[in-house]
Every structure is written in C-alpha cells, then in structure tokens.
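See structure below.
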Amino acid sequence: MTFDQILFYVFSFWFIASSLAMIFSRNAAKAVLFLILSFFSAASIWILLEAEFLAITLILVYVGAVMVLFLFVIKMLNIDKSTLRAKFAGYLPLGLIVAAIIIAEMTLVLGGNQFGLDVVAAPARHGADYSNITVLAMQLYTTYVYPFELAAVLLLIAIIAAITLVHRNELNRKKQSISEQVDVQAKDRVRIVSIASSSKEAK
Amino acid sequence: MVSLSDYLILSAIIFCIGLVGIFVNRTNIITLLMCVELILVAVNTNFIAFSHFLGNEAGQIFVFFILTVAAAEVAIGLAILTLLFRNKGTINVDVTNSLKG
Amino acid sequence: MNNTFTFDTASLLVALPEIFLLSAIVVVLLLDLFLTKEFKQVTYYLTQASLLVTGVLSYNLIGHPETIIFSNSFVLDDMASVFKVFMMGAAMVAMVYSRHYLTEHSLFRGEYFILVLLSVLGMMVMVSGYSLLTLYLGLEILSLSLYTLIAIARKRSGAIEAALKYFVLGAIASGLLLYGMSMIYGISGSLNISDIAAFASDTNLGSRETLIINFGLVFLVIGIAFKLGAVPFHMWVPDVYQGSPTSVTMFISTVPKIAAVAMLVRLLIDGLGSMHAYWSDLFMILALLSIALGSVVALMQTNIKRMLAYSTISHIGFIMLGFVTGVITGYGAAVFYVLVYVLMSLAAFGVIILLNKKGFEAEEISDYKGLSKSSPWFALMMLVVMLSMAGVPPFIGFYSKFFILQQVVSAGFVTVAIIAVVFAVISAYYYLQIIKSMYFNDAEQELSVAAPMDMKLVLSINAVLILVVGLFPDFWMKLALSLF
Amino acid sequence: MENIYLTIALAPLLGAIIAGFFGGMLGRAATHTITILGVLVSTVLALYVFNHHVLEQGAVFNQNLYTWMQIGGLNVSVGFLVDNLTSVMLVVVSFVSLMVHIYTIGYMHDDDGYTKFFSYISLFTFSMFMLVMSNNFMQLFFGWEAVGLVSYLLIGFWHHKESAVEANLKAFLVNRVGDFGFLLGIGLVLAFSGSLDYMEVFSSLDKVVGQSLWGADLITVICLLLFVGAMGKSAQVPLHVWLPGSMEGPTPISALIHAATMVTAGIFMVSRMSPMFELSDVALTVVMVIGAITALFMGLLGIVQNDIKKVVAYSTLSQLGYMTVALGVSAYSVAIFHLMTHAFFKALLFLGAGSVIVAMHHEQDIRKMGGLRKKMPITYWTGLIGTLALIGFPGFAGFYSKDMIIEAVHFSSLPYADWVYYAVVAGVFITAFYSLRMFFIVFHGESRVDHHTEEHLHESPASITFPLIALAIPSAIIGYLTIDPMLFNGWLDNAITVDAAHKSMSEIGQLFNDHGGALGMISHAVFTVPFWMMVGGVVTAWMFSLYRTQWAAWVQSKFQGINYILESLYGFDRFNEIVFVNGVKKLGNLLWKVSDAGLIDKMVVNGSARLVGFVGSVVRPIQTGYVYHYAFFMIFSLLIILTWALFAGDNPLLQIEF
Amino acid sequence: MELLSLLIWLPILGGGLVILVGNERADTARWLSVAISILVFVMSLSLYTGFDSTTHLMQFVEKASWISQFNINYHIGVDGISMPLIILTTFSTILVLIAGWEVIQNRPAHYMAAFLMMEGLIIGVFSSLDAILFYAFWEASLIPMLLIVGIWGGDNRVYAAIKFFLYTFLGSVFMLVSLIYMYNKGGSFSILDMHNLSLTATEQAWIFWAFFMAFAVKVPMFPVHTWLPDAHVQAPTGGSVILAAIMLKMGGYGFFRFSLPITPDASLQFSDVVIALSLIAIVYIGFVALVQRDMKKLIAYSSISHMGFVTLGVFALFLAYRPDNAEGALLGLEGAMVQMISHGFISAAMFLVVGVLYDRLHSREISTYGGVINSMPKFTGFAVLFAMANAGLPGTSGFVGEFMVILGAVQANIWYAVLAATTLIVGAAYTLWMVKRVFWGPITNPAVETLNDINGREFFILVTLALAVLIVGVYPQPVIEVMHASIDHLLNQALTSKL
C-alpha cells in the first residue's frame, strides 16, 4: 500500500464516518461540526487530486462562511436542542437498503472494470512549479467568462433573496428626515389640550 | 496508486449518505440542507477526480461554480428556513405538511 | 491550457437580449430602491418594457444563422430565439395577470418583478446554454429565483412550506443532475454539448463509454424530469402549485416549462441524441406514468390550483411522448405542445387570478359556481381553456395532442397512443368539473370581477387565441417544426 | 276506370279528413252528410265496378299509381288490382259501411265525439278499400295496419272507460302479433320472388317451389307466416282474444269493423293468396284445423255469455272459423261467399243489438232484457232474419254459405278433414243454440227490464231502423241470389286459383247441381245432418231460455267444470295476462334494473369511473405532504430507474455474471 | 363562401351574434335565431334541388388547404348519404328553436345560440370530407350539447351531461387514433383517400373496432347505450330532440362513411357481432322500454331500439347480398338511411310531445298523467299519430325504414328478420301502453284536468312534424331516390375486398 493509498483511505474513512455522524446526529450544531469535519476530509481528498485551489476554497468559503452561517442560524433560532428528538422511524432500514443497493450498483458501474488503473492510468504528478490557481484563473476569466458572469447574477439573486425574505421592512428603524426637522413649527411640537375640570365633573 | 474508480466509489458513497440523510432525517430542515451540501461535495469530488485523471481543468472550473451556487443556495435555503420558523415557531419537517394529497 | 482564446465583441451581439435584460435588471433594481410607494407601479412598467425589448431583440435574431460563442457555451439558433420570444411574451402576460393578484393581496413589491426578470434571464441562459456548465447555472438562476418568488408571500405558511419543499427537492434534483453531468464529463472529457455530441455519436463507441454515458444519462433524465414535473419526480408540483401565491404558480407553470424543454433538447437531443435508443424507453415510461397519474389523481382534487398541477403533470407526459419518437417531427410536436400548454395554462390561471379579490383566492373548484351567470364572458373563456386542455377540438389543445399522437403512432407506438388517449378522456372529467361548477351550478356567493381593464383585455385575447390558433394551427405547427 | 277506383278510395278519405279536421266547425249535420255522401259515392261506384267486372266481365284492372319506393330492380308501388274478388269486397264493404254511417246518426246522437266518429269510420272505409284494392303486399300491409289503427281508435273511442282503452291496446297488440308473421311472410315472398307485386309474385312461384326453410317447405313457411297475419286480423285461435274485447267500442263499429269487414281481411287475404296456399297442403291443413277450432270452441263460448254484444262477437269468431275452414279446404270462393253473407247478417245482428242497446240506455246484459218484441218490432223482425241467416235456416243467406262450407269439408281430402267436418257440424248446433238463446231471452219471455228504462223503451229512430231493414233484405236473399254465380259460375275465377288436386269445389259443384241449384238445396236441407243440428239447437235454446229456464241453472251446476272453463274463456286471457303481460313486464324490469341499470351502467360504466376514482384515491395519499417522503420517493424511483437501465430494458448495460 | 360553407358557418356565427344580443333582449334573440335557422333551412333545400342524384361523386365540394403540415384540408361536400341528413338537421333546428320559445326563460339567448352553433357543427360533421375536419366537428358538437344538458336540463343534469360527454368522448378518441394510423399509412386525411387505402386484415380489424367504439356509442348500440337514457331524460326538450333526431345519426352516418368503405373486410368479418348487438338492441331494449315509468326514458330506450335497425340494415348487407341480386343489401342500407331520417322526425316529435306535457305539469312520470285527451284533445291527436309512427305504422315514416330493413334482413338471414320484427309487437306495446296510460282512460290526477290544449306555436311544430312523418310515410321515393347512386357506390366499396 502506497502512501497515497494510506492517505486516501484515512481521509475516506473520516469523510464517510463524519458524514454518517452528521446525518445521524441529534443535535444540529453537532451535525454542522461533523459536516465541517467531513468537508475537511473532502478537502484533503481534493488535495490528493491536486485541486489545491478548490480544497482551499472549500475550507475558506465553505467552512469559513457557509458553515458558520449554518451555526449562526441554528443559534439564532435556538433550535439546536429543543426540537431535536430523532425519529428515524421505520425509514432507516428501508433507507439503508435502498442506499446499499444504489451504492452497489454505482460500484458496479464505477468499479475497476471501467475506471481501474489499468483503464484510466493515474496521471503523472505535476511538478512544484505547477500552480493550480493560475491554471484555473487563466481559464476562469477567459474561456469561462460567461459562466462567471452568470455566477455573479446568482450571487445577486442570493442577496436579493436573502434580503427580500428575511429583512423586515422598517420595523425597528428610526429614520431622520432633515426636511421635516427644518420645517417644524411650534404647533407641531405643542398641543394644547383642553381638559374638563374635575369640579364640573363633580357636579 | 489510488485509482479513479476508488475516488468515484468514495463519492458515490458520500452521495448516497447525503440522499439517505435527507429522508431519514425528519427532525429539522437544517439537516436536510446539510445533506444537500454533502451531495454537492460528493459531486464535486467526482468532478475533481475526473478532472485530475483526464488532465482537464474544466471539471475543476465546474466545481468552482458549484461551490458558488451552493453558497447562494444555502443563503436562500436559510432564509426560507427563517421564514418557516417565524411562521410556525419550529422547523420540524413533521409539521410542514399542510399541502398534500 | 488554451491560449488561443479570442474574444470578439461583435459576436456578443447574438447575446444581446441577455445582455440587455441583465442591464435592465440592474437598472430596475436600482431604480426600485428609490421609488416610493406611490410610484411602485413604475417597476412594473419597467419590467414589462424590459421584457418587451428583450422579446423584440430576440425576435430580430430569428433567422440568424446558428452561432456559438463564449467558448462553446452559448448557442444562438432559431429554437433559442423563438423560445425566448415566447418566454418574453408569456412572461409579459403573466406579469399583467400578476399585477392584479399582487395588488389585491398586498404583495406588490419591486423585488417580485426583479426576481421574475432574473428568473427569465436564467431561462434564457438555459435556452441558449450549450455547455453543461451554462445549462446548470441557468437552471440554478431560474430555480433560486423561483424559490424566492414563492416565499415572497412571507406571511403565508402555505407559501413557505411550498418554497421549502421545492427548495429541498430541487436541491436534490440538481444534485442528481450534477452527478449525471459529472459522469458525462468524466467519460467525454468535455463540458460542451457539441463535444459531448461528437463523442457520443462516435460509431466506435466502446461498451465502457456507452455504459458510463448512460449511467450519467439516467441522472440527467431524472434532473430534467424533475424540472418538468414528470412522474415519479412530480411530488413537488402539486404542493408548490397549491402553496404558492397564484401569480407565482402561474409563472412556474408556464415559462419555466419552455426552458425545461429547451434544456431537455440541449442535453438529450443536441448532446445525447445518438443515445436516443437508451433514453427514449425511459422517457416513454415516465411519460405514460405522468399521463396516467396526472389524470387519475387530479380527479380527486377540490383545489383548482392543485388540480391544474396534476393536469400539468399529465400534459408533461404528452410533451415527453413527443421526444420518445426520436424524430425531428416528434420533437417539433413536443415543442408545439409546450407552447400550446403555456398558452392554455396562462389563460387558466388568468381566470383564477381574475376572480381574486382581497381575502378571496378563488382556489376551490366550488368557488366557480355560477360564474357563467355573473360573468358569462370569462366563464366562456374558462370553458374554452378547460376544453382545450381536455383536448376537445376545435381548440388548440386538441391539435397539440393530435400532433403528438400522430407522431407517436407514426413511430409505431400505437398502444402508447391508445393509452394516452384513454387517460386524456379520464382527464376530461376534471376539466368538466370546473365547467360544471361554472355552468351547471348556481352561485353560492357573489362573484365579481374587480380586475383592471388591461388584464381583462389580455386575458380575453389569451383565451380567444386558444380558439383562433386552434382554427388555424398550421403556422404554429410549422414554426415548431422549423426549430429543429 | 282508374279514376273511378281512385274515387272509390279517396271519397271516404276526403270525408274523413273533412270530418276530422273541420268537423267541429261544420257541425254535426254537415259532417255526417259529407261523410255519408263520400261513402255513398263509393258505394255507387262500387256497384258500378261490380257491374263492370263481375257482370260485364270487364278486364282485370292492375295498374300502379305511383312508385312508393324503387330500389335496384325492386319497384314497390301503390296501385290497384281490381278483379272480381275485389269488386265483391268493394260492394260488401261500401254497402255495410254506408249502412253503418247512416246508423251512426241515430246511434251516436248523444255522443260528444260525433264528428270524430264519422271521421274514423270514413277513414276506416278508405283503409279497407286500399286493402282490398291493393295490387301488392306493401299496400296490402298498409291497409292491413290502417284498418287496425282505426279499429284501435274506435275500440277506445270511449276513452274514459278504462276497459275500452285496455281493449284497444290489446286489440292492437294481438293484431301486431299477427302482423309479425305477416311481415315476415312478406319478407320471404320478396326474398324468394324478388317482387312484392301480386302478379309478379304469383308468376314466379315456381322459383319458390322446392326450396326449404327451417326444415320445411319454403312455400309452407311463407303461407303459414302470412296466415299468422290472417289469424290476427280474422281473430283465429289463439289470436282471437282481442275480438270480444273490441266490443268495448261503439256498436256501429262492432258491426262494421269487428264483424263485417276488417275481421274478414284475413279471409280476403288468404283468398287473394290462393295461388300460394294451393301449393302447400300442410299450410292448408293448418288453416283448416285452426279454423275448425275457432269455429267450434268460440261458438261454445257464445253459450255462456250474457252480454248481448259479446254473444254476437263470439258468434262472429265462430263464423270466421267457418270461413277459415273453407279456405283450408281450398273452397276460397265459398269463404268469400260466406264472408259476404256473414257481412250482411252479422252487421244486421250487431246493428240490431245496437238498436236494443240504445233503447235500453246502454244496458248490454241480456238478463236485464226480455220481451222486447212488442216494443221494438222492426228490430225484432230484422233481428229474426239475421238470426235465421246466421244459424243457416234454409233459404236464408247463411244457409247457403254454411252448408257449402260443411260440404266442402266433407269432400276435402286433407288430413284431419273428417275431424274438422264433425267440428263444423257440431258448430251448427251450437250456433243455433246460442243465437236463439240470446234471441229468446232478449225479445221473448217476460220483461226483466228495470222500471225506469221500461218507460222510455221504444223503437229506435229511422236512422237506425233503416239500415236494419236495408241489411235484412240481403241477409235473407243474397245467398239464394248469388250462390250459383259466385261459387260455380266463375265470378271469382279470375282471382282465385284452385289446385286440381283439391277437389272440394268441384265436388260441391257437383252436389249443388245434383240437388238442383239454390232452390233444390232448401228442399234437400231436411235430409242433411246440419239442418237437424240446427233444429236441435233451436229447440234446445227454446227449452233452456223460455220453456224451462231453470234447466239452464241446473245444467250449469251439474257441469261446473265445463262451465268454469267456458266462463273463463278457456283461460286464454289469464294465460296471456300471466305469461305475456306480467312475464314481459317482469322480463323488462329484469333487463332494465339488473342488466341495463345494474350490470352495464352501475358496474361497467360507473364502475369504471369508480375504479378510476378508487385508483386515484389510492394513489393520492402517496402525496403525504412530508418532504422526506417525497425525497424518499424520488430516491426510490432513482433506484428503480437505475436498476432498470442497468439490468433491464432492451439494452441492458450490465450483464451480471455469476 | 359557397353554399355548404355558408350552411356550416352561418349558424355558428349567427349563434355568436345571438349571444351578443344577449339574454336581456330575449325576444330579439329568439326572432333572430329562428330567422337564421329558417334561412339556413331554406338554403339547405337548394342542396336537394341542386343535387344530382345520378352520381355518387361528392357535390357542392369545397376544398382549401387548412393544416398543410398534415395535408389536412378544409374539404367539404355532400353525397346522397349526407345530404338528407343535413336537411334533417336544418329542419329539426327550426323546430327546436321554436319549441324553446317561451319555455326557456333561463338565459334564452344562450340557449338559442347553443342550438344554432350545434346546427352548424353537425352540418360540418355530415359534410366533412377530411377526417380531421370531421373529427373536429364531431367533437366540437359535443360542447353545445354538454352545455344544453348541463344548464337547461333536469335535476340530475350534471351527471347526465358529464356522462354523455365522457362516454362519447371516450368512444371517439379511438377513432382519432385510427385516423392517425391511416394517415401515417396513406399520407392523407382525406376520407375519400382513406376509402382507397389498402389495409391488411389485422389493421382493418383494429380500425374497425376503433371506429365502432366511436360510432356505436353515438348510435348508441347495446351495450354502450346507457348514456342515452340519462342524457335524454335530463336534457331540455330541445336537447333531447336534437340528441335523438340528429346526434344519434352521426353514429349511423359514421358507419356509412367510414366503417364500410374503409374496412370492408373487417366489416364483413365482424358483421355478425354488430348484427347480434343490433338485434339485442332491438329486442332487449324494447323490453326495457316497456317497463319505463318516465316518458322520456321510454322514448330514449325506444330510440336505441329503433337505431338498432340502422346498424342491422347496414351490416346485414353482407349476408343479404347476392351476386345476381343486390336488392336485399340495398334494402338494408337504404332502409337504414330512411330509418335514420324517419327516426329524426319521430323521435323529435315524441320528445316534443313529452315536452309539451312537461312544460305544463313539470313531470315526466307516466303515472302523473292519465286521460290527457279529455283536456287536450288536439294534442292527443298528434301524440297518437306520432306514437303510431313510433310503432311503425304504415303510412308513417316509421314504417318505411323498418319495413325496408326487415325485408333486407330476411334476405340476410330469416332469423335476423324474426328478431327484428318483434319490434312490431314490442314497439307497439311500449309506445301504445304509454299512450294508454298518459292519454286515454279516466283522469286520475286533478291537475290534468286543468291542462290547456296546445297553443299555436306548439301546434305549428307538431303539425310540421306530422306532415313530415306522413309525407315520408306515404311517398318515400323522393327521399330514397337521391341516395341510390351513393348507396350503390357504397355497396360496391363494402363488397370489394381490400385484401
């Protein structure tokens, strides 16, 4: 077993294990943490595949931002424990069987006959001068400029969506209106209210 | 050496874990969202593995966009989740079944 | 590493509609920020104007020779242009209807229109997408906008529930789609449709390659089936249709279907057309299941939106049958069907929206009781729509079914045609339920139409078109055929 | 001549139309004048035609008026065939009809439907003319049904009487049973001869001979089917049940339709078809036997009837039986002869009965009459003539015709002819018995009329008595006058064919000459069995009804079984009621409720709808509303599809090798 | 536009115009619609006068490209088979419109318009020479009828209307599939081309049954007849009239126009089955009719029974035909045609008769009535006449068709004729028994005493029908004459094997 393989199996183990732990976790916050763990494993695998940029992106963007967002929401809504009572019901066995069959079928398809080393040889490792980022960047801004623009649109949608949906209009905002302040007059400030005297009422 | 097949099978396993996670987990929606993330990571792994073995960067570029999309998706997903919580006071999937039949 | 990259600005002209629309979106978005409540209508008009201009720009590109730009990721052909024109038209009509709905239910917000524009942009990307990547991105732009549009009715738990279901299932579906794409990419080594097509149609394709392509194909088909709402990936459709604000339901049920068909064409026909033998069987099963389930389950519905959802599923089955045939005329039939379906669906939801008032959603079939008396004209319109959907001549719905059936029979699937028509008859039953409510029952409550004139006018034209196009369907059939 | 024939037919039609549509406007007098005028014209012309054809031996007229239908080589026309047979029928029909028209003035005097009645009887006359003048089967059938229609209308004329409308329905339906056979017979005629025209059919009969159908000779089948029609119209057992019921109608039509003319249509038809019937001994035998059964057993029923019209009705049935027997033994001209004499005397008897009924204020039960002789002399004497004619008292019309029938049977060589002979001879006794029984009870003895009626009892007006007298004359003498030319001197020869093998006619011709003609027959009568049977009948009737009335009751009590059978009319009505009316209703209900509404509609039609609904309601809950179910469904579908794509389908992608 | 087109579109557009006039101006709408229908009728008469009965070729032909994609043309024309049916249609429509004059107070303009439109559509059915055009008219004619039954019908109208629609719709979709199949085979939707299309035995069998589904439901034949009693009973009088008088004929017409010429061998092969079903319809339905308590239902069942003669006549041709003697076959075919026309008059009349009573007492139950003659003598006269016609009395049109078919059937197989001829008895039994219970006898229900006899409008309708019934009955030759050439040709087609 080569070092590559050892690394691969170790990371794979953690990847799978933490993923399983994530879906079976009863606590949402813990689940997020397991997910982060599995993302780390994934990133490691990606590095084995010489996709350094993406691995880093996964950690930085995903773990750093997206997962934190998850945690934030969980904490904000305070749903990490209160509602979490796992009810796997009868679906788990069925689900596992289905999953097992699918995995088996996929394995049949994706197995050594099709993608073994004898069929698809492992490429030679790039040298130290290889920069994954450069390579990607070169293409990203040339060949893939159109998708890149589209990604921008996507993010714009995400922004609009998040604001539109979650933002509560003028709920707790106090806005200053300078023109109103300038135009203000005494009668706007003082209101004279005539109150019936108590003596009259007594009668 | 690790074969392409190994990577693909790994991602298939993760993919299926993601799938199973979605329907065994009825506790809350946030876990569902995380399962989706898991699926996407599996797919990403696929792409990267292919990209690596093909010596073709297109797969990695694709992954880059998938990550972007996933991030946007999470944002919207969490927004919807927040709305759900505001409306129902819970994000338990069990109670969101007023539409059926 | 490809350093021969060239960027010809002139070639961007073929993407002018998209470019214009995106610019317009930005303008509207910014402008909307500064509009006070009284002027919110401006957003609406600007939206319509944007759609109109985009439509005109697209129209001008009809007949443009097929052009592929952006490094093989954007294609402009007649199908793209025609689809875009239709999408713009449909979206404009949908917006006319939406305005009434939004006003009545206090949902009138600038973001609504912006999200619609964004989703339209996404659809345009799908229509013109010529690589797996752009198709995927277009799909996501569309989907994310739609999720948001549904949830925009923030106070309605139904809408939120619908958004959530759509979101979760949609995410799974795009995960599946992506998985399939990864396989296609992995075996063909390219994301471009043209490369994939070249790879797949290689006569020397080995069994390994065939296996992997078809393995990926299964996932692609599922992804597309989900987007179309075909059985067994239809579960979201009824819930989303019912839960969403009606104007959004209308939108979801119409324009994106064109885009979904476009994506189908790009992926399965332009790309994997040579694998037709593999996917057509699958498609046929899904199509028949859709027709059957859509027809049968709709019978039990009392909510008209939910009923129309099942009806959509059934229609989708017919559309898919067109693709099963594997010949160009069959695809043309499917495209014709989808355009017809959009026309009918718009009118159907148009009538529903027309009856909407503050606090009254007109969602139950029983809400239509006595409509023929209180509003004979629009009852007639609904009658036309329902009969057209049921496939009764001389309305256009008949000709679309006829076209499909003709192709299916021509391809030798007579049994399939018979099954399809039997379920078409079954489905006629629930369309009749609405006619029954409108015409045969007396009103239980006062029904009045408060919609503005423009909506009434557009709706009338919309419904009358169902008849008129039905009387003269030739041009449209030819048009649909000319796209392939 | 064509115009004359047309006028004969159309004059009454015109009268009927005028009376029917404008009767109300024109008033009673104008209506009856017009209709009587119409029939009078017909009568005169009929006599002219009779003279032309029979006496002057004019050529047979056979011509089409217009093409009713032309299909391929088949031409179905409306046209007239006028020969001697037709001429005789025309005279009989028009004369009786004229008498009835006149009679009606008096009889229906108080009735609201006066004008309508005239319209009907004129219409009937027209229909009957069309029937007898027809030159083809289609038109024959037309007249056949048209007279049935009028009969239906007239039986139910007093539509407020439940029994009347029951009776007319029954009459129509029973006739329809006959028509059923008749129409099939016509169909077979067409099928095998290629034409519906009498002459063409008769001339192509050789094509039919030798063919077989249903294991029988084809010609036999055709004749029997046609005869079924005749049985319906001419009320032969077992299709006789409608005729007694038809007495619910006003008496004039009983006389006209249900005694003199319509019911003899069957006799006429068979005579007309003699070229066909002659080809089948089997058919003739059946005809003869059925006739004999009718003649004997229907006569028996006359004995126990107490309704004056019913007695006459059963006597009519019996006489129709005689005619049919004559047909069966190939004595067609004798049948027509009896038809003619019977028309006169039976019309006379009915009209006489009507006269009595009018006088009795529509009381028809003979037990409540008696001793009317003095109050109603004209009715009495004409009635006596009619009765004598009926029982075959020598010299009277009925004597000749009936005697000839009996003799013809005597000489017949058909199987069972001997039995039939006994039957018809016995029938003479019975006829005499019931006829005179009624006659004695009504006119003789002491009056049992209730006091109120008694006071108003008087002879009927002239419009009633005139027809009685006018009919009494031929009833008395027509037989004597016409027996020789009609039977033996070729009056009917150009219409009737008798096969050489059937010798009855020639034998009785021989006999007739041996006896010395018509006069000789009278003197020879006392040496014949039928005469003594008749005398016996008269005496018995006298004993039972006048001399020792208690004997009747004694006999009744002694022979309760027979009496029961007779009073229940052999159970035909009960049988029909149970088997046909109720049975058919039950069957109808069964088919409707169980098969149609239950099996087809509920189970198959609505059942399939329900099945769809059921499937829908089964499938629907899959849509649980839980998103994880949806996801599971999707994934499960993925599994199925993936498995299918990999291992199944036309192009399995993976072959698993173990 | 040429004559035939005018006949189709004038009523349809006229119906639109009547709708525009609106329910508020009911009288205008009524007059207008009656005027249009009379105009159409008069125009349709020139189809008869201008008809060349010596040829089987289509006349008054118009042809224009419609859907070029499928070579579908706006191709219309008439021959001796369709022409009488068109005139029957225009004739009946007038009566129906007049019959609905004051009876229909609920949305009268729409009512009139629906009938006008249906008239145009049905004329379209009878004159289409293009299969898809035919199908379009065929299905479209369901729509007005659906509404007529559903809006103006009786208590159970919704069930009846939907049942009617779905039943007939289900029947006809199979026809569509087979039309498409033939198009794919022969490249043309022209009916005349389809006549010449060569088809194998198996194909013919399938196509035959597909057509059979469509036409048998419409006729309706046993066992797919159960929609009819419901639809007839629930429909307003006018609806029942059109349904019985014309829409049922569409099924019979289909057998003439499609089944026989297109699938002659299959027609021969399955003629036994069809004849068996026809005979069941005649006999079985006759018994069912006998026990009905609802007048309309009774007449509805009687319609089924009478229409059995049509199918019997059509399909008996194979057995009735002799090489040396085509008369048996011709009798059957032309008898079927005459039966259709005559049934058009008689059933219309019968339903109108019931309608007259229903308008007065709002009951269709036989038991409600009794002794109607006492208060409505004139009306009773008509009723009895039509009842007699229904019972097939010679001299009325009802006789002619039955007579011809039975005569034809005898030549096919005597047993067919025996069974068919039972209608003489059973038909008379149910019709006259009803007449007896409704019109004759003493008055049992005091309401009957107060009935007013028919008014001028009703009199006009009934007298018109009575004349039609009698004229055709006494002198059917003019009706039969015009169809000779076409029927001869059809017979040839039916007897020429395509194999």
Side-chain angles (χ1 to χ4, degrees), chain D residues 20 66-74 78 138 141-146 148-149 152-153 156 159-162 164-166 168-169 172-173 176-177 179-181 183-184 186-188 190-191 194 196 213-214 221 584-585 587-593 595-597 599-601 604-606 609, chain E residues 163 166-167 222-223 225-227 229-230 284-285 287-292 301 325-328 330-331 334 371 373-374 384 388 391 393-395 399-400 403-404 406-407 409-411 414 417-418 421-422 424-426 428-429 432-433 436 439-443 474-477 480-481 484 488:
Chain D
Y66 69 91
T67 301
W68 190 74
M69 161 176 104
Q70 164 90 47
I71 287 178
L74 170 66
V78 170
M138 191 284 298
F141 193 72
F142 165 77
W144 196 259
E145 293 275 297
L149 166 73
Y152 166 80
L153 292 172
H159 47 72
H160 50 269
K161 270 166 67 183
E162 191 65 41
V165 296
E166 292 276 2
N168 74 348
L169 181 62
F172 199 89
L173 293 184
R176 270 297 168 110
V177 176
D179 299 344
F180 168 75
L183 186 60
L184 288 175
I186 294 175
L188 282 174
L190 173 66
L196 286 177
L213 178 75
W214 289 339
V221 174
V584 162
K585 271 193 218 170
L587 177 66
N589 267 315
L590 186 79
L591 293 179
W592 176 34
K593 297 249 170 76
S595 162
D596 216 51
L599 209 66
I600 297 176
D601 210 30
V604 180
V605 178
N606 292 351
Chain E
K163 188 174 179 183
L166 290 181
Y167 229 121
F222 176 87
H225 63 277
T226 55
W227 62 271
D230 284 310
Y284 164 106
I285 297 294
F287 284 114
V288 174
L290 202 58
V291 291
Q292 297 306 315
Y301 275 112
N325 178 9
E327 278 149 28
L330 286 175
L331 272 173
E334 301 198 359
I373 187 173
N374 294 300
V384 172
M388 283 296 169
L393 192 82
F399 167 70
V400 187
F403 184 66
M404 291 167 77
I406 290 175
L407 291 189
V410 170
Q411 311 201 16
I414 179 72
V418 169
T422 56
L424 280 181
I425 306 165
V426 182
L432 295 182
W433 193 32
K436 182 207 141 197
F439 294 98
W440 306 128
I443 292 180
V474 172
Y475 190 32
Q477 176 66 4
I480 298 175
E481 210 168 33
H484 282 328
D488 276 341

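Convention: sequence-line order gives letters A, B, ...; per-chain numbering from 1. All values below were derived from every heavy atom in this structure, side-chain atoms included, with hydrogens, water molecules and symmetry-related copies excluded.
- Separation of atoms CD1 (E/I425) and CZ (D/R176) is listed at 9.0 Å; rounding is to 0.5 Å.
- Expressed to the nearest 0.5 Å, how far CG of D/L196 lies from CZ of E/F403 amounts to 5.5 Å.
- A distance-only check finds no donor-acceptor pair linking the side chain of D/H159 to the backbone of E/F439 [under 3.5 Å].
- Looking at D/V605, only its side chain comes within 4.5 Å of chain E, counting heavy atoms on both sides.
- Rounded to the nearest 0.5 Å, atoms CG (D/L188) and CD (E/Q411) are 9.5 Å apart.
- Proximity to chain D is limited to the side chain of E/V384, based on heavy atoms less than 4.5 angstrom apart.
- A donor-acceptor pair under 3.5 Å is absent between the side-chain atoms of E/W440 and the main chain of D/H160, judged by distance alone.
- Only the side chain of E/D230 comes within contact range of chain D, with heavy atoms under 4.5 Å apart.
- Considering CZ of D/F172 and CE of E/M388, their distance stands at 4.0 Å, rounded to 0.5 Å.
- Contact tally against chain E (heavy-atom pairs below 4.5 Å) for D/N589, D/V221, D/L587: the top residue is D/N589.
- Nearest heavy-atom pair across E/V410 and D/A191 is CG1-CB, 3.9 Å.
- Heavy atoms of E/I406 lying under 4.5 Å from chain D belong exclusively to its side chain.
- Ranked by heavy-atom pairs shorter than 4.5 Å toward chain D, the options E/T422, E/V418, E/L290 are led by E/V418.
- With a 4.5 angstrom heavy-atom cutoff, E/L331 touches chain D via backbone and side-chain atoms both.
- Between the CD1 atom of E/I285 and the CG atom of D/D596 there is a distance of 5.0 Å, given to the nearest 0.5 Å.
- Using a 4.5 Å cut-off between heavy atoms, D/L599 does not touch chain E at all.
- Side-chain atoms of E/E327 come within 3.5 Å of backbone atoms of D/G73 as a donor-acceptor pair (strictly under, hydrogens ignored).
- Counting all heavy atoms, side chain and backbone alike, E/F287 lies closest to D/L591 at CB-CD1, 3.6 Å.
- The choice from D/N168, D/N606, D/L153 that makes the most heavy-atom pairs within less than 4.5 Å of chain E is D/N606.
- Between chain E and the options D/V78, D/L590, D/L183, the largest number of non-hydrogen pairs under 4.5 Å is found for D/L183.
- Of the listed residues (E/E481, E/K163, E/E334, E/Q292), the greatest number of heavy-atom pairs within a distance under 4.5 Å of chain D belongs to E/Q292.
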**OP:** List the steps and the verdict of side-chain contact (heavy atoms from CB on, under 4.5 Å) for E/F222 and D/I600.
**Re:** CA-CA 10 Å; E/F222 176 87; D/I600 297 176; 3.5 Å; yes

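- If you measure heavy-atom distances from D/F141 to chain E, the contacts under 4.5 Å come from both the backbone and the side chain.
- By number of non-hydrogen pairs under 4.5 angstrom with chain D, the leading residue of E/L424, E/V400, E/L393, E/V288 is E/L424.
- Between E/L407 and D/L74, every side-chain heavy-atom pair lies at or beyond the 4.5 Å cut-off.
- Between D/D601 and E/W227 the shortest side-chain heavy-atom distance does not fall below 4.5 Å.
- Between chain D and the options E/N374, E/I443, E/N325, heavy-atom pairs under 4.5 Å are most frequent for E/N374.
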**OP:** Might you work through the side-chain contact (heavy atoms from CB on, under 4.5 Å) test for E/V291 and D/K593, ending with a clear yes or no?
**Re:** CA-CA 10 Å; E/V291 291; D/K593 297 249 170 76; over 6 Å; no

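- Heavy-atom distances place both the backbone and the side chain of E/L330 under 4.5 Å from chain D.
- Interface remark: E/W433 contributes backbone and side-chain atoms alike to the contact with chain D (heavy atom separation under 4.5 Å).
- Using a 4.5 Å cut-off between heavy atoms, E/A326 does not touch chain D at all.
- No donor-acceptor pair closer than 3.5 Å links the side chain of D/Q70 to the backbone N or O of E/Q477.
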